[in-house]
Amino acid sequence: MLTVTLIRHGESTHNVLALWSGCTQCPLTERGTQQARAVGAYFADTSFTKIYASPLPRARDTAQAVLDAQPTPKPPHDFSIDLIKEQSFGAAEEHPPSLREEGKTLEAHFQEGKYPILYESESDVAFPGGESQLDLVRRGETAVREVVLPHVLSAARTGQEEHIALVSHGLCIAAIVGAMVSVLGGGTWKRKGPMVNTAWVRVQDGAPNEFADDEIPPLEVIVTDEGRKDHLGGLIDEGPQVGMKAYQGGGVVEAKNPNEAEAIVQAPGGLKN
């Protein structure tokens, strides 16, 4: 059996400023560093087979804290996995979200340097130079095939349990979990809500020991934990998960409620131009 624990990075400077972060090289805040140490201590008794991380500083430094807390000998690690970086927001990065102006197209907003929250129904839309939600979904599927699947096959062939950690980002984690359920298990999954910084999700894949070399073994994929944050104690922002901190924690804006996008921009965790 393979267990995959996906950990969101600690609080970053852009989280505090409620900016489109994406692939920006923003660092952890002091609280984010403390959160990273707390999640590392929480998993100190968990024996990871390997630890992977996005190369963006906020995820890489969180992963380093997890690795530092592991007993000796330390597990192997790779903190350079581009496939598990956050969704790229292109020209919107380092900008606050904008209010939509009635009667104006998205393209017109973009030309004026305004980047509103995108609805779930606009999953094929990308900010200039960035990725759409569908692009991220496809990248999540590739990450599952290239990073997760080799461990699934190894565990199935050897009969030995493996447990890997992926330190990534809110939107990307949602894409990877969804891809694990669909690509490996043939099912569907919908996130329950946004993840706070350093919250974690756990997925388990069970596979038989016998299967053909050229096929993915039949799997039962179960999301056993979601949005866990019991390691944080007093390090969590106790305010409601609203605004950009909710959106980039993996939240979505339902098409049936477009006013929610404006609510996000105007909420305590969001800014407007």
Side-chain angles (χ1 to χ4, degrees), residues 8-29 32 54-59 82-140 168-176 178 191 193-197 237 239-273:
R8 189 185 177 207
H9 62 80
E11 181 186 80
S12 73
T13 54
H14 279 31
N15 290 151
V16 173
L17 295 172
L19 304 178
W20 291 109
S21 301
C23 294
T24 304
Q25 302 281 324
C26 54
L28 296 175
T29 63
S54 154
L56 297 176
R58 58 194 188 274
D82 285 333
L83 286 171
I84 62 174
K85 292 198 301 189
E86 184 57 294
Q87 179 178 352
S88 169
F89 296 121
E93 293 187 3
E94 301 193 81
H95 290 270
S98 305
L99 286 170
R100 293 195 185 210
E101 298 179 28
E102 187 175 354
K104 183 178 289 187
T105 65
L106 283 173
E107 290 72 18
H109 282 84
F110 299 163
Q111 289 173 3
E112 296 177 3
K114 297 178 180 178
Y115 307 103
I117 299 289
L118 299 176
Y119 307 150
E120 190 174 24
S121 61
E122 297 168 329
S123 60
D124 60 338
V125 177
F127 295 133
E131 292 177 295
S132 69
Q133 182 61 34
L134 289 181
D135 291 332
L136 181 62
V137 168
R138 287 188 284 266
R139 178 153 60 82
S168 184
H169 310 262
L171 294 168
C172 189
I173 287 174
I176 293 170
R191 53 197 158 194
M195 300 172 66
V196 300
N197 293 110
D237 181 351
Q241 282 295 295
V242 295
M244 282 294 279
K245 66 181 180 182
Y247 185 82
Q248 295 200 8
V252 295
V253 177
E254 300 285 354
K256 64 184 179 183
N257 184 14
N259 289 334
E260 185 182 347
E262 280 65 33
I264 284 178
V265 176
Q266 299 179 80
L271 301 175
K272 58 183 179 180
N273 284 352

I'd like to check [X] versus [Y] (side-chain heavy atoms, cut-off strictly below 4.5 Å). Are they in contact?
X: Glu122; Y: Leu106; result: yes
X: Arg100; Y: Tyr119; result: yes
X: Pro116; Y: Phe110; result: yes
X: Tyr115; Y: Trp20; result: yes
X: Gln25; Y: Leu56; result: yes

Find the distance between [atom1] ([X]) and [atom2] ([Y]) and round it off to the nearest 0.5 Å.
X: Ser21; Y: His14; atom1: OG; atom2: NE2; value: 5.5 Å
X: Cys172; Y: His9; atom1: SG; atom2: NE2; value: 10.5 Å
X: Arg138; Y: Gln133; atom1: CZ; atom2: CD; value: 10.5 Å
X: Asn15; Y: Cys26; atom1: CG; atom2: SG; value: 7.0 Å
X: Ser88; Y: Leu171; atom1: OG; atom2: CG; value: 12.0 Å

Checklist entry - Would you call Lys114 and Glu101 a salt bridge, taking side-chain N to carboxylate O under 4.0 Å as the test? => result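 Yes, charged N to carboxylate O under 4.0 Å.
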Checklist entry - Is there a donor in the side chain of Glu94 and an acceptor in the side chain of Thr24, or the other way round, less than 3.5 Å apart? => result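 No, Thr24 and Glu94 have no side-chain donor paired with an acceptor closer than 3.5 Å.
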Item to check | Exercise: do His169 and Ser54 side chains pair donor with acceptor under 3.5 Å | outcome: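 There is such a pair (donor and acceptor under 3.5 Å, judged by atom type) between the side chains of His169 and Ser54.
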Checklist entry - Is a side-chain donor or acceptor of Arg139 paired with a backbone partner of Lys85 at a separation under 3.5 angstrom? => result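 A pair under 3.5 Å: yes.
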Checklist entry - Can you check whether Gln87's main-chain N or O pairs, donor with acceptor, with Glu131's side chain at less than 3.5 Å? => result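 Flag not set: sc Glu131 to bb Gln87 has no pair under 3.5 Å.
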